[in-house]
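Below you'll find the structure, written out as structure tokens, and then a few comments.
Chain naming here is simple, since letters A, B, ... match the order of the sequence lines and numbering starts at 1 in each.
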Amino acid sequence: MVAEKPSLALSIASFLADRNQMHSRRGQLDVHEFEGRFQGRPAHFKMTSVIGHVLSIDFLPQFQNWETTHPASLFDAGTKKSEANPKAHVCRHLQSEAKGCTHLVLWLDCDREGENICFEVMEHTLAWMQRVPGQQVFRARFSSITAPDIRAAMDKLVQPNENEALAVDARQELDLKVGVAFTRFQTRFFQGRYGNLDARLVSYGPCQTPTLAFCVERSQSIAAFQPQPFWSVRPHASKQGQALDLQWDKGRLFDQEVTQLYQHLVAQAGQLRVASVTEHESRKHRPHGLNTVELLKVASASMGLGPHYAMQIAERLYTSGFISYPRTESSGYPPGFDFSGTLASHRSHPIWGQYVLALLQGGVQPPKGGKDVGDHPPITPACSATEAEVGGGDAWRIYDYVARHFLGSLSADAVSKKTKVVLSAGGESFHAEGVTPLRSGFTAIMPWKATEAAALPPMTEGEALPITSVELHQGKTSPPDYLSESDLIALMEKHGIGTDASIAVHINNICERNYVSIQAGRKVVPTELGNTLVRGYQKIDPELCSPQVRGHVEAQLSLIAAGKAEKGSVVMHTLAQFAHKFRFFVAHIARMDSLFEASFSPLSSSGKPLSKCGKCARYMKLISARPTRLYCPSCEEVLALPQGGTIKLYKGLSCPLDSYELVLFSQAGPDARTFPLCPFCFNHPLEGAHLWGAGAGSKGGMPCTMCPHLGCKHSFLRQGVTPCPECDAGTLVLDPVSAPKWRLDCNRCNFLIYLPLDLHSVRVSRRTCEECDSNLLKLSWKKGSASAIRAGSEDQEACAVCDEDLRKSCDVKHGRSYAVRRGGGRSRGRRGRRGGRGRGRGREDPLMSFRDF
DNA sequence: GCAAGGTC
């Protein structure tokens, strides 16, 4: 039996196993075993879980390359599924546990994704199971994680629903192809086109883009807002010394003269006559059960915690056993939820213990209303805990809220008495309202929801009150505010953008992509980039950012799930639609580009001249906005540079291979390295060269310190000294601008050696050490320095490995990766050069000597 | 370097 997550495997198994009969094997994924009966026969049960989706979809390797793949071809590109989280070894686990089993019961969550995971699990179990006659695969359908529901599901097992699973496969393929095609195209088009555009990635997605559009549309209506002046009549009067706050029944008028007319009429009347005094009871309904979206909204609006962060905290509270599962759509408690038990555990809580006792004494009335989606119960406290136990801080604030919300949902409604007094003067009606709380109910434990008393002075029908003055109040309509995060969550939920588990991720995405920023009061304000993108979609094809498109796709998917349409044809049809939209978008990208031109400075006009182009010999410009790059205006060529440091000219030296002027790259921080590079070579590495900065979003480039060219005097073959004793793969290269603290840096790892401080200058000699084959160093010592005296001369050629005096006065620094290597003495033939310079002699490892430093 | 959906 397989559940969707480890926690559910445990609870389902314990509902099904006889008490104390369960044996759990701990491992990366726990297995719970017990004896029982299956289909009327004794059986041995094994219950385990996966960790969400087992597989995840991606393009075939040939489409992974941004350079060689046309984004438009992605719509027809082949895809494959591979293990979603290879490190977790879920497939291996399923296969090995399946061995010897005769039957499979699928306990995955009862939603489409869960149905899809059923088939992922089958793929990695069926072929490993023992074949027996009859039905071997079963699906358990449960509507809540409670013992009776789980047992009932076990008694009427069904078949997994392939159509629902296929609908998910279709969604995965559509999301991947549409998202990636647009993302790659946009990124490629805009990146490198504008100097001050700080966007490594200009992403597009069926959820993130409509989410962004909500924020931009609000910002557009703020910008388009025209304030309108309005007027209203405000008579002033008081009773028993208490001023009355009177509202005009006409509200406000947009015509000053007409309002003035009413003002005169009221003023002429001189007094207000009480037309009616009515009272009615007003109820504030206790809250429903707490679901994820509600928790995220409260966290953002009332605690100032962003959704992504709030989810992280909620997850930690869940895994530490303080609250129930935090990803749930349900706001209604399942039938049979143990209210009394959960409540009773809080009876001695230092803060709300008294309140709980009172609730228990009054007899718990199970909450009604809310929606039980059957996924998980609403979020509740899983145990009673104090601030210190929870760990204080934001964790406590979330736990405290969850607990109070739970208690509130079991409490009585709050009741108050509302009094409305209607007064008239000169034919105009005004009213005042007062409120008196009668019963605090749930607001006693959720005090921020409490109604404040605002009593009116006693008034009786027919009574007259003198008017002291009549004000002609002028105001003006004000624009809406930016969307708050909590508004945005509500909009996403309403339009079905994302799920309870992913809403926080999408909001986080548009922040990280620099499309919006979160400002005071957790308002989501679009950036220039966010605004420009959405305005661009609006100009080219507004559907690209409209929330209805997701809905349209969902409707198509539902046809598959309901068995009314075939997956293949829906995918083909929908992909054709998006491919069409994509071609249209590409053809009309100039419309979006013109908006970018207005907001960002084109590359040709930004940046400052730095180094000469090897092709046209004119100066190229250094674009300092990320990603830092060089741009040749006359060749219209963009050359990538290493990131995260500064770029300077390197003594006006040029690359002998292509005539580009060399530049120096310096990282920031202590012991950070500096190395020269040729802008052209960096972007066009020699075959087989190791690259600097590869991975993490960059394909990397070849600086001089990694250049294996035989004929270039800047290559590591000429500037390198000896193999790195630390990383086994790199070479120690002289940093040519490190004076006065001359140093050798490994070109692969962060190992480095400071040469003695009394050096005046250093060069790498063309001669090699007879002992160890390292390149010798041409040392020029400072006059009269200790080293000069020891060497007997100011000029010396010495081997950094074999010359003991030199070695002893060096200072080795190394980074995190440093670990003492045992053994060694392996032959390393990576220098690829006759003479094998820098290679150890026989089995005696020259690197050993470095370890002694 | 890309999407969105699970889960941790």
(request) Return the value, rounded to whole Å, for the distance between atom CD of A:E67 and atom P of B:dG1. (result) 12 Å
(request) Report the distance from atom CD of A:E315 to atom P of B:dT7, rounded to the nearest whole Å. (result) 9 Å
(message) Within a 6.0 Å radius of atom NZ on A:K80, are there more than 12 heavy atoms belonging to other residues, nucleotides or ligands?
(response) yes
(request) Could you pick out which residue, A:N509 or A:H376, lies toward the 5' side of DNA chain B when each is mapped onto its nearest nucleotide? (result) A:N509
(message) What I'd like to find out is whether the side chain of A:Y401 reaches to under 4.5 Å of the side chain of A:M303, using heavy atoms alone.
(response) yes
(request) Whole angstrom is fine here: how far is it from OH in A:Y204 over to C1' in B:dA4? (result) 13 Å
(message) From NE2 of A:H506 over to C1' of B:dG5, roughly how many Å is that when rounded to an integer?
(response) 8 Å
(request) For A:I507 and B:dG5, give me the distance from atom CD1 to atom P, rounded to whole Å. (result) 13 Å
(request) Assign A:P206 to base, sugar-phosphate, or nothing according to its heavy-atom contacts below 4.0 angstrom with the strands shown. (result) sugar-phosphate
(request) Inspect the contact between A:R550 and A:D175 and indicate whether a charged nitrogen and a carboxylate oxygen are less than 4.0 angstrom apart. (result) yes
(message) Counting only side-chain nitrogens and oxygens, does A:H53 get under 4.0 Å of the OP1 or OP2 atom of B:dA4?
(response) no
(request) For the pair A:R327 and A:E315, find out whether any cationic side-chain nitrogen is under 4.0 Å from an anionic carboxylate oxygen. (result) yes
(request) Taking only the side-chain nitrogens and oxygens of A:R513, find out if one of them lies under 4.0 Å from OP1 or OP2 of B:dA3. (result) yes
(message) Would you say that A:L16 contacts A:W107 through its side chain, given a criterion of any heavy-atom pair below 4.5 Å between the two side chains?
(response) yes
(request) Report yes if at least one side-chain N or O of A:Q64 is closer than 4.0 Å to OP1 or OP2 of B:dC2; otherwise report no. (result) no
(request) For A:Y318 and for A:W66, locate the closest nucleotide of DNA chain B by heavy-atom distance; then report the residue assigned to the nucleotide nearer the 5' terminus. (result) A:W66
(message) Side chain of A:C207 only, heavy atoms from C-beta on: which candidate in B:dC8, B:dG1, B:dG5 is closest?
(response) B:dG5
(message) Minimum heavy-atom separation for A:I540 and A:F584, please, with both atom names.
(response) O-CE2, 3.3 Å
(message) Is there a side-chain contact between A:R112 and the phosphate of B:dG6, meaning an N or O under 4.0 Å from OP1 or OP2?
(response) no
(request) Take the protein atom CG of A:L8 and the nucleotide atom P of B:dG6, then report the distance between them rounded to whole Å. (result) 14 Å
(request) Determine the contact category for A:G114: base if any of its heavy atoms lies under 4.0 Å from a base atom, sugar-phosphate if only primed atoms, P, OP1 or OP2 are that close, otherwise nothing. (result) nothing
(message) What residues from residues 172-190 of chain A pass a heavy-atom cutoff of under 4.0 Å to DNA chain B?
(response) A:Q172, A:D175, A:L176, A:G179, A:V180, A:T183, A:R184, A:T187, A:R188
(request) Mind checking side-chain hydrogen bond (donor to acceptor under 3.5 Å, both in side chains) for A:E173 and listing every partner two or more places apart, or none if nothing turns up? (result) A:K177
(request) Write down the distance between CD (A:E512) and P (B:dA3), rounded to a whole number of angstrom. (result) 11 Å
(request) Could you verify whether a donor N or O on one side chain and an acceptor N or O on the other, from A:Y309 and A:N508, lie under 3.5 Å apart? (result) no
(message) Rounded to whole Å, how long is the line connecting atom CG of A:L317 with atom C1' of B:dC8?
(response) 14 Å
(message) Under a 4.0 Å threshold between the charged nitrogen and the carboxylate oxygen, would A:E637 count as salt-bridged to A:R629?
(response) no
(request) Ignoring the backbone of A:L201, work out which of B:dG1, B:dC8, B:dG5 is nearest its side chain. (result) B:dG1
(message) Counting only side-chain nitrogens and oxygens, does A:T499 get under 4.0 Å of the OP1 or OP2 atom of B:dG6?
(response) yes
(message) Side-chain N or O of A:R550 versus OP1/OP2 of B:dG5: is the shortest distance under 4.0 Å?
(response) yes
(request) Please report the closest heavy-atom contact between A:P526 and A:C215, naming both atoms and the distance. (result) CG-O, 3.6 Å
(message) Nearest to the A:I57 side chain among B:dG5, B:dA3, B:dT7, which nucleotide is it?
(response) B:dA3
(request) May I ask you to decide whether A:E113 forms a salt bridge with A:R171, counting only side-chain N to carboxylate O separations under 4.0 Å? (result) yes
(request) Among B:dC8, B:dG1, B:dA3, find the nucleotide with the atom closest to the side chain of A:Y325. (result) B:dC8
(request) With heavy atoms under 4.0 Å as the rule, sort A:Q191 into base, sugar-phosphate or nothing. (result) base
(message) Just to be sure I understand the geometry, which residues of residues 85-97 of chain A put a non-hydrogen atom under 4.0 Å away from DNA chain B?
(response) A:N85
